[in-house]
Structure formats: C-alpha cells, structure tokens
Amino acid sequence: MMKGETIVFYLLAALTLVSAAMAVGTRRIFRSAVYLLSSLIGIAGLYFWMRFEFAAAVQIVVYAGGIAVLIIFSVFLTQRAGDDMPTPPMLRTIAAAGAALLGMGLVMLQLVAHPFPTPAVAEVDRSVSAIGRRMLATGDDGFALPFEVVSLLLLAAMIGCIVIAMRTKPNQP
Amino acid sequence: MFLTRYFSEIAEAVGSLLKGMRMTGYYFTHHKEIITQQYPDNRATLVLPERFRGEVVMTHTENNEHRCTGCTACELACPNGTIKVVTKFEVNAEGKKKKAVDKFVYLLELCTMCNLCIEACPTDAIRMAQTFEHSVYDRSQLTRILNKPDSKLQEGVE
Amino acid sequence: MWNLAQLTDLIHGWLYETFPPAWALAFEMIIVGIAVIGLFAGLGLVLVLMERKVSAFMQIRLGPNRVGPKGLMQSLADTLKLLVKEGMTPDGVDRFLFNLAPFVAMIAAMLLMAPIAFAKDFQIWDLNIGVLYVTAISSLNVIAILMAGWSSNNKYSLLGAMRSGAQIVSYELSAGLSILTVVVLTGSLQISDIVTAQSNGWWIFKGHIPVIIAFVIYMIAVTAETNRAPFDMAEAESELTGGFHTEYSGMKFALFFLAEYINVFIVCAIGATLFLGGWMPLHIGEWTAFNGIMDWIPSSVWFFGKTFFLIFLMMWFRWTFPRLRIDQLLNLEWRYLLPIGMVNILLVTVIAILKWHF
C-alpha cells in the first residue's frame, strides 16, 4: 500500500502536468491562462508538500498573484471574449511537439545521469530568517552578489517604467 | 511648498472623513429618531406631510356646490392630458346662456401629481388630496368624474 | 481556564490511540473541514444580518424586523431563498469557467482560515510564514473575480472584473507594507509569535504613532481589497448593475456573496491579530488585579470581540462614505498610501533597531 504522502505527491504532480498540457492544448486563450495558473499552483503545492513554505508562498505571490494576473489582463486588453483561436498548421504542431519532447529528453537524461546523493545534513533550516541570512551572506554559501544583481535589474526595470509612464510636457516634442 | 500642501490635504481629508463618521455614529447610537414608517401597521395613525400630493379632487360645499366655471384652464395646463373638461351651456336666472361644467373627467392613471392644474385654476375649484391608496383591479376605475352629480356652481364665482 | 487546547489535545490523543496515524490524520482533516464549513455558514448568517442592521441604524432606518424576533431570522430566510432559486447559466458564457469561478473564490477564502489563531493554542495550521501565506492566498481571490468577469460574456462583468483587478493589485502593496511594519517589530512571520510578542501590550499601543499610521493604512487597503464601499468599484450597482457577478444567480451568487463576507472576516481577523493582539487580553502595565480580570475572559471572546470591532469599523466606512471614482482610487493608493507606507516602514525599522518600542 502506498503511503499517504506519496499519494499526495502524485496527485499534485498530476494536477501540474495535466493542467500544463491543457494550457497548450485548449483553443480558448483565457482558459489557457487559467490552466497555466492551476499548473503553477500545483507547483506551489509541491513546495508545500516538501515543507518549503516560504518558496511555496513566494511561488503563489509571484506567479499566481503577479504573472497570471498580468497575462489575464493582457488577454482582456487584446482579445475578444469566447473567440476560439485558429487551429495552427499541422507542421507547427509537429514542430512544437518535437521541441517539447526534445527538451523533456534532455532533462530526463540529466536526471538519470545525476546520482542525487543523500545530503549529509538531515534537516535543512527552512525558517525565513535563515533564508534571509543566506540571501545577504557574503561567504562561500551566501547569495549576496546574485541578490544585488537581481535587485539592480529590478531597479532598472522600475526606472524604465517610470520613464515610459512619465507625462511629457506639451510644449516639448 | 509641496510637502505642506500634501500634509494639509491629508489632514483636511481625514478631518472631513471623521466628521462624516461622527454623524453616522451619532445616528447609530440614537435609535429614537428612526424615520421608517411601518405602513400597513400604522395605517390608522399615519400622518402624511402637508404638501404630499395624492390625487386631484374638486372641493364641494355642504350644499353640493363647487367653484368650477368650466374655463378649461386646467385642461390646457396639464402636460399629459389627464383632465378633460366637458362643458355645457346653462341658462341662468337672467335668461342668458352661460358656459358651465358638465363633466370634469380626471384620468388618475395618467396623472403625475405635478400640481400645474391647481396653480392654473383661477377659481380655486380643485385641490390636491392626500389619499394615496389608489390600487384597483380595473383600469376603468381610475377614470373619475370629479364634479358630484347635480352639483351647482357656487354663487358669486365668475 | 477555558482552554480550548485541552479539547483539541483530547480529540487528537483519542484519534491517534484508536486509529493508525494515517487514518487519524484523515479524520482530523475531515473534522477541521467540517468545522471550517460550519464557521463559514455561521459567519455568513451573522455578518449579513449585522451589515443590514448596522446600515439601517446608520441611516435612521429599522432594518429587517419581520422574520423572527427583531428580524433575527432574516438571513436564514434569505439563505433558504437562495438555495431554492434556479442557478442559471446564461447562453454564450464559457460554461466551465463560469461555474468554476464561485468555487475558486470560496476555496481561496477557505484556505485563508488556516493560519488564523481563534483562541489560545487553537489554530488549524501554525505555519512559520503565516502572514506571508495570508498575503499570498488572498491574491488568488482576484483570479476568481477575473474568471467570473471574463466568462460571463457581459461587458459590465468584464468592466467590473478589470476594475477590481487593478484595485486589488495596487492596494495589495499598501496592505503588505503595513503588515510588514508589525513583522519588523516582531521579527517573525508566524502568527503565534506575533501574538505572543504582544503579551505585554498590543502593538498599536506599544509601537507609537508609526504603528497607528500602519493600522489606518491597513484598514483602508483591506477595505479596498475586499471590494467594499467606498471602494466597491468592482460591483458598483449604480454603474455596472452588479459588476463581476451580474450574470450569477441562486447558489453561485450566494457563494460569491459568502466569500466576500468571509474575506471581510479574515482581513479583520488578521488586522486584529497584527495590531490588536489577537486573542491576547488587554493588559495594562502592573495592574495585576485588572489584568487578572482581563485574563478571566476567555481568549476566544477577546479574538472575536476585536475582529467584530474591526468589521464594525469597515461597515461604518461603508455606510458613511460615497464611492470613489477610479482615478481618485488610484490617486489615493499611489500618491498617498504607498509613499506614506514606505516612509512609515522606515520609521518602524528605526524604532525596532533602537528598541524604542515598549
């Protein structure tokens, strides 16, 4: 008999994979966005299953609350309600399927080749403060540089947004 | 200065919002001023405001006399054809023919209670009554004749 | 005294003695689920009646007074009516999403119940990121509204959904910042830690003016996030005939309605936990006699009292202020609440580092 944990894992994995497949399979663009959302929530569920609550919550905040809403808004602004997308040509479908299979094959090769050693530390400190310390640590196990680089990127994006959104004065060209 | 204006705006806004909340808070804590009329229950004691307009009626004295001369000023004043004054010619005491009202037809279903007919009347023959329970089972019951049968023009009303 | 933890421990112990652990866990989940659904139903009934009575008294009216003594049965009668009504699916809608949307709204509201501490040691799931979890899950609510608005195939619904999307996404920032002030002061995201940190006084008293500002911003932001007047642009009756739930009827409409009230309860519960000490009784310094009397009142009464006080505050807002226009709404957020919130969190950080709070 399977353990309860394993059953939950397979359920979450099935939710993620099935809704991901449906997201690319459906011809209604809004449904596609919603399936994508449920796939992302499935991944968040996997993080919860692994007891990495912080990663799960961030996954939901960033992907479900941010990216999915952004996608849905762009659908609202560009598409008409209920219209089906045109069927793509057969060649494109085959090419897309091939690309997907190729990507999956590559990932599977890596997964099979990698030995996955059991970590020496049995219990990882998952508390938020530990994550924060690692994030700003400058030592060998710290992530201060990537953290700062990413924040620079975000700052640049923010300034770009402000520049685009700024009202130009009427007398200026 | 930008910052002083910014903060004074905030202070003003918060002040006015608190003022509004104080008003509703006062209402919330003072239940005695309830304005709801529990209508069918208090039908016997219901007091309507003085200027409430329910329907047009014609005043009659106890001798069954009214003040309508049949001048049709009200009919002309009515914006939606509620009033039809049917006139007739009467021979008065001196043997002269004189215009008088035969039937003052009032279609309640068309009336919007705008009060223009009352203002137009030169002899104050009609007025607004305070009755408001007008529902009937047949539309024809809403067509009313306001002058009572065999009523006469009051003496001295020209 | 009146410790609900004894009750939960009793049930927990009995279940684990009688059944294998997996089954015991499953039974516990079922019990929690039933309790949450029961709480939902009860809260829905109470909050709808409370809203109608409060609105009536604030407008010098009587409110519901026919069904039952003083109209207390009114919301039961309403529920019965909604249950027997036909749940229509109009022509031309995206059936799958249209029928799914109310359940998404409901599930999002249900998930939010998990980290709330209802009483001393009485909490469904005391996870270590409690507050972050609440902000994360509450962002799912906007998805349900967008789904409902889009799938209804109705321009009013779509407009309502888009307004609500813009509103929720922007006011989430202010709510998050004001939540962060308390997190900075406590140094933990866990709900139980936040409550324990307030054992010698609630944050709103201990944290000086910045925390009071944060509390005000929090109340404004969550009023907007739950789409209640004066921020009810998403369902503005006079403009959009009902906004995103225009096309819904019967039980599906009731689920949206219930989810809205549950969300109000949850944001007020979180507000009470963060700023007013959750189930922590009111303690004043060294007055042991006074503190003793306060301790004697059960912790669940404290929690529900504070939560309902905040709910009453939100109802007070709703029945006092007129609705904002969309540009005023965004102005308020981006030009007032957000800058003030950012400066405020800096102030709070200084206070927390220098340990100026009590």
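Note: hydrogens, waters and symmetry copies are ignored here, and every other heavy atom, side chains too, is used. A, B, ... follow the sequence lines: proteins, then strands. Residue 1 opens every chain.
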For C:T320 and B:M21 the tightest heavy-atom approach is CG2-N, 3.6 Å

Quick one: what part of [X] sits under 4.5 Å from any heavy atom of chain B, side chain, backbone, both or neither?
X	result
C:F321	side chain
C:V54	both
C:P339	side chain

The test is side chain to side chain contact (heavy atoms under 4.5 Å, CB included); show your working for C:I340 and B:I10 and say whether it passes. CA-CA 11 Å; C:I340 292 175; B:I10 292 173; 3.5 Å; yes

Mind checking whether C:F312 and B:F28 have parallel, tilted or perpendicular rings, split at 30° and 60°? tilted

Between CD of B:Q38 and CG of C:N65, what distance do you get to the nearest 0.5 Å? 5.0 Å

Separation of C:R318 CZ from B:T24 OG1 (nearest 0.5 Å): 14.0 Å

Is the [atom1] atom of [X] crowded by more than 12 outside heavy atoms at less than 6.0 Å?
X	atom1	result
C:R335	CZ	no
C:I209	CD1	no
B:E133	CD	yes
C:F215	CZ	yes
B:F132	CZ	yes
B:K103	NZ	no

